[in-house]
Amino acid sequence: MKIVFFGSSHFAVSSLEALIKSGYDIACVVTQPDKKKGRHLHLASTCVKTLAEAAGIDVFQPQDINTNDSVNHLKAIGADLFVIVAYGQILSQPVLDLPGVMAVNIHASLLPKYRGAAPINWAIIKGEEITGVTIMRVERRMDCGPVISQKEISINEDDTAISLEISLSRLGGELLLETVKNIKNVKLFPQNDLYATYASKLKKSDGLIDWKKTAIEIYNLVRGTLPWPGAFTYYNSKLVKIYIVEKFMLFDKKDFSCGEIVEILKDGIVVVAGKGAVIIKELQIEGKRRMTAAEFIAGHKVSVGESLLTKK
RNA sequence: CGCGGGGUGGAGCAGCCUGGUAGCUCGCAAGGCUCAUAACCUUGAGGUCAUGCGUUCAAAUCGCAUCCCCGCAA
């Protein structure tokens, strides 16, 4: 069984690793081209590329996977199976028709729920208690192909999008091995579009905290938007990222407005939400490093009655 | 050469513009108060003000250069 692996982000690494460790014949790894990234826009390659090179596998990084040149390059490999995990480009039908058996995709949700680019983030933001990974046959419509296998996992109270991505990534790797084993005669279960929901790619603005929302919603937003864009608010005209909060539900807010600081603890700042309050435990002001609330309080003259705002 | 913020006792910050005694909150140590305490009061230790060069009678502060950290953007 000759496999071509398509992947770019961290989520793909575990799956590729699993395939390598199990001794599958990976003829080529396709990943996004190196891009200028980071503080001084230096060239950076994807983590998948790093792993592939370490394992001595050929790497293919087309700007556009659907051009004739790209298709011919893939065709020449003569693969039986395409495994696509968080690749970052949409494959056209000519590409999908190349593998002898089929093209499969690992998606980080229990399809048909949370189709789209950011299923892990949105599952947490929406307060889901269970999510999982799905392997399906790839079809032209995004994340709509028939399901081959699925595995559930519960979302813990203290999970963030980062920790959940790691868990799901591992789970995806396990499920991939089980699925690939008898990929030639699997059953396909069509998705029911009636139950489909969409998890669009996060925008910076998705991380903006609306203090009128409930403490639980804000708590979920903080956990779900990591590592990017992160939940943020504004204090003294500066952007403040909020990394860790605790829910603080028992709170009578009648005399306060949403976003108002009502109490300063030794190691936390209590802020009123639409329902309940949250305690900020770890934060970061623009230009400064991430710090605990205790550190922040020590150096900034935070006082009760000040407010966190939704804009500068 | 993408834009910007910053490096000041152990931590987080002020002071810099308008050079002239090293400041604040916390932590730490000792003592006191207290049934008691992470609370409160008193005292104390701890700093080449990132590095180098320059300007000046005098530089944390002004100028030039270097190193390091971080946010945004992507």
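What you are looking at is a predicted structure, and each value in this text was computed from that prediction instead of being measured. Each chain gets a letter, A, B and so on, in the order the sequences are listed, and its residues count up from 1.
Counting any heavy atom pair closer than 4.0 Å across all strands shown, A:K266 reaches sugar-phosphate atoms only and no base atom. When heavy atoms are screened at a 4.0 angstrom cut-off, A:R290 is found touching no nucleic acid atom at all. Using a 4.0 Å heavy-atom criterion, one finds that A:K35 contacts no nucleic acid atom at all.
As rounded to the nearest Å, B:rU61 and B:rU8 have P atoms that lie 14 Å from one another. Separation of the C1' atoms belonging to B:rA14 and B:rG9 is 15 Å when rounded to the nearest angstrom. Rounded to whole Å, the P atom of B:rG47 lies 32 Å from the corresponding atom of B:rU56. Of the C1' atoms belonging to B:rC16 and B:rC33, the separation is 42 Å, rounded to the nearest Å. Nucleotides B:rG10 and B:rU48 are separated by 8 Å at their P atoms, to the nearest Å. If you take atom C1' in B:rG5 and the same atom in B:rU43, they sit 38 Å apart, rounded to whole Å. A gap of 10 Å separates the P atoms of B:rU18 and B:rG63, to the nearest Å. Distance check on atom P: B:rG46 versus B:rG23 gives 14 Å, rounded to whole Å.
Using a cutoff of 4.0 Å between basic side-chain nitrogens and carboxylate oxygens, A:R223 and A:D158 are not scored as salt-bridged. The pair A:D97-A:K75 fails the salt-bridge criterion, with no side-chain N (NZ, NE, NH1 or NH2) lying under 4.0 Å from an Asp/Glu carboxylate O. A salt bridge links A:K247 to A:E157: at least one charged side-chain nitrogen sits closer than 4.0 Å to a carboxylate oxygen.
The 5' end of RNA chain B is approached more closely, in terms of each residue's nearest nucleotide, by A:E295 than by the other of A:E295 and A:P229. Checking A:I297 against A:H40, the closest nucleotide of RNA chain B that is more toward the 5' end is the one next to A:H40.
In this structure, B:rU61 forms no base pair with any nucleotide, since neither Watson-Crick nor G-U wobble geometry is met with both distances under 3.5 Å. In this structure, B:rC13 and B:rG23 make a Watson-Crick or G-U wobble pair, each of the two defining distances being under 3.5 angstrom. Across all strands shown, the partner of B:rA50 is B:rU66, judged by Watson-Crick or G-U wobble contacts whose two distances both fall under 3.5 Å. Remark: B:rC72 base-pairs with B:rG2. Criterion, Watson-Crick or G-U wobble with two distances under 3.5 Å. Using the Watson-Crick or G-U wobble rule with both distances under 3.5 Å, B:rA29 pairs with B:rU43.
Taking the centre and axis of the six-membered ring of A:F232, the NZ or CZ atom of A:K241 falls outside the cone set by 45° and 6.0 Å.
Screening A:I20, A:V83, A:V48 against A:V29 for a side-chain contact (heavy atoms from CB on, under 4.5 Å) leaves a single residue, A:V48.
In this structure A:Y243 satisfies the side chain to side chain donor-acceptor pair (under 3.5 Å) test together with A:Q284, sequence neighbours excluded.
You can see that RNA chain B meets the heavy atoms of chain A within a 4.0 Å-exclusive cut from B:rG2 to B:rA74, reading 5' to 3'.
Ring orientation note: the planes of A:F82 and A:F6 are tilted relative to one another, at an angle of 30° to 60°.
Although no hydrogens or angles enter the test, the distance criterion places a donor-acceptor pair under 3.5 Å between the side chain of A:Q89 and the main chain of A:I65.
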